[in-house]
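Inspection log for the structure reproduced underneath, given as structure tokens.
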Amino acid sequence: MQLGRRDFLRSWAALPVLIGKSARAESSEPLRVRASRHNRIYGAAVCTEQLLSDVEYRKVIGREAGILVAEGETKRNVLQPQRNVFNFSRTDAILKFAQDNDQLMRGHTLVWHRANPKWLNEEIVVTRDEKLLTGYIEAIVGRYRGQLNSWDVVNEAIEPDDGLVSGLRQQSIWFRALGESYIETAFHCARAADPDASLYYNEANLEGDVAWSERRRRATLKLLERLISKNVPIDALGIQGHLKAYRVKYSDEVFSRFLDDVASLGLRILITEFDVADAGGPEDRVQRDADVASLTHRYLDVAFSKPSVIGCLTWGITDKYSWLSRDEHYRWPDGQSSRGLPFDQEFKRKPMWDAMVSAYDKTPI
Ligand code: XIL
């Protein structure tokens, strides 16, 4: 198994940990420090526009995150809007910010059934030209070779509801054009383009204590087993971790067992897109914040009890810009903001932040 050169930050093991009730004071140590002291990473998804325009946001991201990922700017519709037009400027801006702030950066995502440019959606199903897959990976991974520590090579290839025995997403343009082999082709191509980057398969809805989530876990494990048995260069599983506090039942036991199953395949694990949707919860915000924090604590406690889990990135950092407030599946019908990230609208640390710090601090060194 090959790990990215920067997957682990140096240990801060010798420093004393001071947490108590006042852990949340803005002056106390940021998440990135708490995480790295325990040989784990903390990071966040960011948007270029906000990094460039919102000073307060920039400050919080620079202070708290040890690794960045672009929420949208490294998706194909942004990077290759036309067949012969690449646009790297937004990704470059994030990368520069990360380098200036001594942060790592990961890429998300090379191959997905969503966020593709229109020209590609039209062309691929007609031509079935594998070059439309490999040419892109070579161009993008090659351009950032040595600068991104990891890539989500393939995202969300599983959808048992599509009806295939394998549980693969039949409706994906990639599956329709190339069949299952698109997955291994993508990994081989990414490895060749940057041999040092860690390569991830990234998947959603893997922790629910419900039958449809169990089907997703089973299909994901089978896919990973197939890839490994064919010597496909895959290093890690990315578990998105978009929890729905009041809508999808979560169980520590189920999550724990799944993490063990993945680790037994020899793969590392990263929680790549953590947040907690609070839609459907009580009116009382204090209660909701407490519920979100408590679920965060349970989830990360289980995750960080496993040596295979290297860390967690939240999908955004402040409720001010959370996709949960925008997305039609998650947003509150009355238009109020979701409260599923560690910082509130005013960039103040919330109980969720305390829960994350405490989970990192409890991690065995
Ligand atoms: C989301 C972004 O947060 C939104 O702004 C965008 O409109 C849609 O995509 N799983 C993923 C992410 O892998 O890329 C998605 O990001 C959220 C779900």
Side-chain angles (χ1 to χ4, degrees), residues 43-54 57 61 65 67-81 90-91 94 105-118 120-121 136 140 148 150-159 161 168-169 171-174 183 186 190 198-208 212-213 216 220 223 236-245 247-248 269-279 299 312-332 337-343:
V46 295
C47 291
T48 315
E49 199 189 310
Q50 287 135 23
L51 271 184
L52 297 177
S53 65
D54 188 330
Y57 174 78
I61 290 287
I67 181 166
L68 303 184
V69 65
E71 189 172 338
E73 282 89 347
T74 48
K75 291 172 181 167
R76 192 160 178 174
N77 56 354
V78 176
L79 284 174
Q80 195 186 11
R90 296 199 214 172
T91 299
I94 298 176
M105 181 169 169
R106 60 191 317 272
H108 169 83
T109 172
L110 296 168
V111 186
W112 196 21
H113 61 287
R114 294 175 56 196
N116 288 312
K118 191 162 170 280
L120 175 70
N121 285 328
Y136 177 74
I140 302 300
L148 302 189
S150 55
W151 272 104
D152 289 336
V153 178
V154 177
N155 192 30
E156 299 180 351
I158 300 290
E159 184 42 271
D161 288 351
L168 287 175
R169 187 183 293 276
Q171 296 307 319
S172 160
I173 52 166
W174 301 111
I183 300 174
S198 288
L199 304 184
Y200 282 63
Y201 174 69
N202 197 47
E203 190 52 81
N205 292 314
L206 292 172
E207 51 280 288
W212 58 263
S213 191
R216 302 184 62 83
T220 300
L223 169 63
L237 173 69
I239 295 181
Q240 292 186 6
H242 293 292
L243 305 190
K244 292 115 194 143
R247 291 190 170 153
V248 180
I269 299 165
L270 177 67
I271 312 300
T272 47
E273 307 183 15
F274 188 69
D275 56 18
V276 183
D278 65 344
Y299 187 84
C312 172
L313 284 83
T314 45
W315 203 240
I317 203 162
T318 159
D319 296 334
K320 184 173 181 184
Y321 298 126
S322 174
W323 78 303
L324 295 173
S325 303
R326 306 187 303 265
D327 189 275
E328 58 179 322
H329 300 299
Y330 301 122
R331 67 173 177 228
W332 284 82
S337 292
S338 116
R339 300 182 63 81
L341 285 169
F343 287 79

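If you're wondering where the values come from, they're calculated on a predicted model, not measured in any experiment. Both ligands and their constituent atoms are indexed starting at 1 by order of listing.
- A donor atom on one side chain and an acceptor atom on the other are found under 3.5 Å apart for Tyr299 and Glu207.
- Tested against Gln240 for a side chain to side chain contact (heavy atoms under 4.5 Å, CB included), the candidates Leu206, Asn155, Asp152 yield a single pass: Asn155.
- Between the side chains of Tyr330 and Asp275, no donor-acceptor pair is found at a separation under 3.5 Å.
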Distances under 3.5 Å, N/O of ligand 1 against N/O of the protein: list each pair and its distance.
unit_1: ligand 1; atom_1: 3 (O); unit_2: Glu71; atom_2: OE2; d: 2.5
unit_1: ligand 1; atom_1: 3 (O); unit_2: Trp315; atom_2: NE1; d: 2.9
unit_1: ligand 1; atom_1: 5 (O); unit_2: Glu71; atom_2: OE2; d: 3.3
unit_1: ligand 1; atom_1: 5 (O); unit_2: Arg326; atom_2: NH2; d: 2.8
unit_1: ligand 1; atom_1: 9 (O); unit_2: Lys75; atom_2: NZ; d: 3.3
unit_1: ligand 1; atom_1: 10 (N); unit_2: Glu156; atom_2: OE2; d: 3.4
unit_1: ligand 1; atom_1: 10 (N); unit_2: Gln240; atom_2: OE1; d: 3.2
unit_1: ligand 1; atom_1: 10 (N); unit_2: Glu273; atom_2: OE1; d: 3.0
unit_1: ligand 1; atom_1: 13 (O); unit_2: His108; atom_2: NE2; d: 3.3
unit_1: ligand 1; atom_1: 13 (O); unit_2: Asn155; atom_2: ND2; d: 2.9
unit_1: ligand 1; atom_1: 13 (O); unit_2: Gln240; atom_2: NE2; d: 3.2
unit_1: ligand 1; atom_1: 13 (O); unit_2: Glu273; atom_2: OE1; d: 3.3
unit_1: ligand 1; atom_1: 13 (O); unit_2: Glu273; atom_2: OE2; d: 2.8
unit_1: ligand 1; atom_1: 14 (O); unit_2: Lys75; atom_2: NZ; d: 2.7
unit_1: ligand 1; atom_1: 14 (O); unit_2: His108; atom_2: NE2; d: 2.7
unit_1: ligand 1; atom_1: 16 (O); unit_2: Lys75; atom_2: NZ; d: 3.3
unit_1: ligand 1; atom_1: 16 (O); unit_2: Trp315; atom_2: NE1; d: 3.3

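- By the salt bridge (Lys or Arg N to Asp or Glu O under 4.0 Å) test, Glu156 pairs with no residue at all, sequence neighbours left out.
- A salt bridge between Arg326 and Glu71 is present, with a side-chain N of the basic residue lying under 4.0 Å from a carboxylate O of the acidic one.
- With Ser213 contributing its side chain and Asn205 its backbone, the two residues share a donor-acceptor pair below 3.5 Å.
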